[in-house]
Structures are given as C-alpha cells and as structure tokens.
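Below is one structure, written out as structure tokens; comments come after it.
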Amino acid sequence: LTVPEARRLNESIETLQIADYDSDILVLAPHSGAIEANTEESAQWFARKCTQYGVNVDVYTFRGFGRASFSRWHVGSSAFHLRSFPKLREVASRQYSLVVAFHLRDIPDDENPPEVRVGGLSDEALRERTASRLDDALPSKYHIVTDPSRTMMGRSSANITNNLSRDGRSGLQIESTPRNQQIRRKTVGREMALSVLEYLGETE
C-alpha cells in the first residue's frame with residue numbers, strides 16, 4: 001500500500017527512507033499516522049535539519065489509520081518484533097550510533113503543568129541539552145521532564161529506541177503532548193536535531 005491508500009482503507013504501513021548506507025543516525029516515528037498524530041512530521045523535520053548540516057539520517061515510520069488506530073495499531077516500544085516489521089528489520093543490523101524517536105503522550109494540555117518528557121538511555125548530557133533547547137523553544141507553560149524515574153521515559157533496554165543502537169543504550173526519545181505536537185511539530189523536530197548536531201559537534 002501507499003500512505004494515501006493505507007489512510008483510505010484504515011490500514012497500516014511502514015515507510016523507510018535510507019539517506020545513505022553510511023548513515024549513523026536513525027530517526028523513528030513508530031506510532032505515527034493517526035496513532036500518535038504528527039510525530040512523523042517531527043521526524044522528517046529532524047532529518048531535514050540534519051541534512052542542512054551535511055549529516056545523513058535514515059527515517060523509519062509505522063503509520064496506522066482509522067478511528068480505532070491506537071487500540072488496533074499501537075505496539076509498545078519494547079514489544080516490536082522484527083518479524084512483524086520487515087522495514088524495521090532491514091535496518092536492525094545497521095548498528096547506528098544514535099537512534100531518536102518521536103512519541104506522543106495522550107495527555108491533554110490542560111494537565112497542570114503540561115509536560116514534555118525527554119528520555120531514552122542515551123548520554124545524560126545529550127538528554128539535558130535536548131531538554132534545555134526545548135525549554136527555550138516551547139512556551140513557558142510546558143515543563144520539560146528528564147527525571148528517569150518517571151513513566152514513559154524510554155529507559156528499557158528492550159525499547160527499540162535503545163536496542164537499535166550500536167551499544168544498546170544510545171536512544172533518545174521525546175514524549176510530546178497532542179496540542180504541542182499539532183502546533184509545534186516543526187519546532188520539536190528542529191530543536192531535537194539541533195541538540196543532536198551540537199552534541200556531535202556538527203554545528204561549528
């Protein structure tokens with residue numbers, strides 16, 4: 001199926017964009033389409049910003065469509081089985097130095113305060129740098145959470161964000177809110193990319 005066909009038929013589809021077979025970064029939107037809306041757009045903006053600095057990024061999405069998309073198509077990030085996701089299996093042996101994932105917390109923005117969570121098992125300096133950039137770029141009402149003891153922080157070694165990386169730990173993920181992701185999906189993707197590029201020394 002194409003993406004428009006999957007949307008029309010309320011089906012699901014994987015997409016994979018290989019920028020270069022030497023790419024060292026993989027960006028994921030594993031719950032995109034109507035499952036966690038607008039996450040694939042942030043992944044694309046992340047890749048575009050990296051490309052501007054000459055850094056190649058491969059992009060994987062799994063998109064599900066339809067009113068029951070979450071209950072039907074949402075697979076937990078630690079439950080992805082490569083036999084069920086052939087395009088993900090295609091890149092699983094690539095040994096990326098960093099994997100970045102975009103997610104959505106299904107929490108309304110009237111949560112007090114609304115939280116955006118930055119997690120994964122990547123280096124703490126990268127997670128804190130990312131949180132700082134998001135804190136500067138997003139409205140002040142958003143609280144940027146990096147506390148690893150909180151839920152939905154991508155701390156499991158089985159989480160695809162971590163286990164698709166070379167050392168099994170170099171995963172960076174964001175859990176945004178629906179409203180923030182709808183309005184600021186470009187900002188989220190761009191700031192995540194700039195954080196990674198700064199951390200890698202690619203913006204100098």
Side-chain angles (χ1 to χ4, degrees), residues 23-31 36 38-39 41-59 77-78 95-107 109 111-181 183-204:
S23 297
D24 213 21
I25 300 174
L26 174 65
V27 60
L28 306 170
H31 301 135
E36 295 180 359
N38 303 307
T39 51
E41 285 93 339
S42 287
Q44 293 291 348
W45 281 111
F46 180 99
R48 289 173 193 168
K49 180 56 68 174
C50 288
T51 300
Q52 288 179 15
Y53 285 85
V55 175
N56 288 320
V57 175
D58 297 339
V59 183
S77 295
S78 296
Q95 298 290 296
Y96 294 94
S97 65
L98 180 66
V99 180
V100 180
F102 291 88
H103 293 277
L104 194 70
R105 294 178 63 234
D106 192 17
I107 303 294
D109 270 39
E111 176 188 37
N112 189 22
E115 294 183 349
V116 173
R117 300 187 182 183
V118 178
L121 288 175
S122 61
D123 184 61
E124 181 181 4
L126 173 57
R127 288 184 280 112
E128 292 298 333
R129 179 187 295 271
T130 302
S132 178
R133 286 204 69 97
L134 290 169
D135 192 40
D136 289 342
L138 298 180
S140 59
K141 70 175 182 176
Y142 287 97
H143 179 49
I144 313 300
V145 175
T146 58
D147 181 355
S149 69
R150 300 290 293 276
T151 60
M152 293 186 285
M153 296 300 290
R155 303 293 293 176
S156 170
S157 59
N159 188 310
I160 58 170
T161 314
N162 300 312
N163 70 25
L164 289 178
S165 66
R166 183 177 302 132
D167 61 4
R169 297 187 55 84
S170 295
L172 174 68
Q173 77 167 38
I174 183 172
E175 295 273 357
S176 191
T177 69
R179 180 70 171 167
N180 186 54
Q181 195 60 34
I183 297 175
R184 303 178 187 89
R185 52 190 178 269
K186 177 179 178 180
T187 298
V188 169
R190 182 190 63 211
E191 296 303 322
M192 292 278 284
L194 287 170
S195 171
V196 167
L197 291 165
E198 289 172 354
Y199 177 77
L200 297 175
E202 297 289 350
T203 58
E204 297 177 358

For this session: Take Tyr199 and Asp123 through the side chain to side chain contact (heavy atoms under 4.5 Å, CB included) test and state the conclusion after the steps.
Result: CA-CA 10 Å; Tyr199 177 77; Asp123 184 61; 3.2 Å; yes
Problem set entry | Those residues that, when tested against His103, pass ring pair (Phe, Tyr, Trp, His ring centres under 6.0 Å) (two or more places apart) | His31
State, without any angle test, whether [X] and [Y] hold a side-chain donor-acceptor pair at a distance under 3.5 Å.
X	Y	result
Gln181	Thr39	no
Tyr142	Asp135	no
Ser195	Thr130	yes
Asp24	Ser97	yes
Ser23	Asp58	yes

Got a donor-acceptor contact below 3.5 angstrom from the [X] side chain to the [Y] backbone?
X	Y	value
Asn163	Ala158	yes
Asn162	Gly154	yes
Ser170	Ser165	no

[atom1]/[X] to [atom2]/[Y] distance, rounded to the nearest 0.5 angstrom?
X	Y	atom1	atom2	answer
Arg48	Glu41	CZ	CD	9.0 Å
Met152	Ile174	CE	CD1	12.5 Å
Asp167	Ser157	CG	OG	11.5 Å

For this session: Could you please spell out the steps behind the side chain to side chain contact (heavy atoms under 4.5 Å, CB included) verdict for Leu98 and Leu126?
Result: CA-CA 11 Å; Leu98 180 66; Leu126 173 57; 4.0 Å; yes
Is [Y] close to [X] at the side-chain level, that is, under 4.5 Å between some pair of heavy atoms?
X	Y	result
Ile25	Phe46	yes
Arg184	Ser42	no
Leu121	Arg155	yes
Val57	Leu26	no
Leu134	Val118	yes
Leu28	Val100	no
Thr187	Arg190	yes
Asn159	Gln173	yes

Just jot down the side-chain contact (heavy atoms from CB on, under 4.5 Å) partners of [X], sequence neighbours excluded, or say none.
X	value
Ile183	Arg179
Ala43	Val27, Ala29, Val59, Phe102
Ser132	Asp136
Arg150	Glu115, Arg117, Val145, Asp147, Met153

Exercise. If you take all heavy atoms of Arg127 and Ser122, which pair is closest and at what distance?
Worked result: NE-O, 3.0 Å
For this session: Quick one: closest heavy-atom pair of Arg166 and Gln95, and the distance?
Result: NH2-O, 2.8 Å
For this session: Taking salt bridge (charged side-chain N to carboxylate O under 4.0 Å, His left out) as the test, write out the residues that go with Arg133, two or more places apart.
Result: Glu191, Glu198
For this session: Test side chain to side chain contact (heavy atoms under 4.5 Å, CB included) on Val55 and Lys49 and set out the steps.
Result: CA-CA 9 Å; Val55 175; Lys49 180 56 68 174; over 6 Å; no
For this session: Tell me, with the steps shown, if Thr203 and Leu197 meet side chain to side chain contact (heavy atoms under 4.5 Å, CB included).
Result: CA-CA 6 Å; Thr203 58; Leu197 291 165; 3.5 Å; yes
